[in-house]
Amino acid sequence: MRQSIIGGGLLALATLSPAADAGADEKRAEQIVAERCSLCHGKGGESASAIYPRLAGQHAEYIARQLADFKSGKRASETMKPQAESLTPDDMAALGAYFATRKAGGRRAQDGDLAAVGKYVFAYGNRYSGVPACASCHGPQGHGTAQLPRLAGQHPRYVEDQLKQFNKRERTNDNAVMHAVASKLSELETHAVAEYVATLD
């Protein structure tokens, strides 16, 4: 009887363990966000500043990988490297899960005509210059995958900055295909695509 009670207790603990771990991870993430992330990215990853990315709704695995790349220096950033240096892989996974569950939403286009051009390039590319459709990798709604970032709802300025970094080979930690894509985008197309993806939900 005693063995049965002990066995049942261990089984109950094992069953509760993942939920307990998830709760601990959430609390740890909240602490890190409050101490390091919120000033630039906002408490819920909404980022009020156009120069910092919105992290709300971004894929957990993608966020964790970017943090690891900042820590190792694979992705260069004078701002992010010191923030990521003391993070453990578990911290990075917890932060990824935290921001992935936050609500992300689009915003109204500031220039409807420009967004319309961006919508076309995003969906179909430009066969005359060899620009592929953004949707072919990032999905028709810009939601991305665990390997490729969610673009939907991102700040236009941030998207433009990243495209310029890819074009100049200043950002080398992600898909090398982006170097070729960014080099073929005209300035108009870069502005237009950035304006359009910001409207996606």
May I ask you to decide if [Y]'s main-chain N or O and [X]'s side chain share a donor-acceptor pair within less than 3.5 Å?
X: Arg102; Y: Tyr98; result: yes
X: Asn175; Y: Met178; result: no
X: Arg157; Y: Ala50; result: no
X: Asp201; Y: Gly106; result: yes

Should the pair [X]-[Y] be classified as a salt bridge under the 4.0 Å nitrogen-to-oxygen rule?
X: Asp174; Y: Arg65; answer: yes
X: Glu195; Y: Lys119; answer: no
X: Glu61; Y: Arg150; answer: no

Is it the case that more than 12 heavy atoms not belonging to Lys71 sit under 6.0 Å from its NZ atom? yes
Over all atoms of both residues, closest heavy-atom pair of [X] and [Y]:
X: Lys43; Y: Glu46; value: N-OE2, 3.9 Å
X: Leu55; Y: Ile63; value: O-CD1, 4.0 Å
X: His59; Y: Thr145; value: CD2-O, 2.9 Å
X: Ala60; Y: Ala97; value: CB-N, 3.7 Å
X: Gln147; Y: Tyr62; value: O-CD1, 3.6 Å
X: Phe99; Y: Gly42; value: CE2-O, 4.3 Å

Residue pair Gln58 / Pro149, side-chain heavy-atom distance below 4.5 Å: yes
How about Pro156 and Arg107: do any of their side-chain heavy atoms sit closer than 4.5 Å? yes
Within 45° cone of Tyr124 ring axis and under 6.0 Å: Arg127 NZ or CZ: no
Donor + acceptor pair across side chains of Ser49, Arg54 (<3.5 Å): no
Do you see a donor-acceptor pair shorter than 3.5 Å between the side chains of Glu189 and Asn126? yes
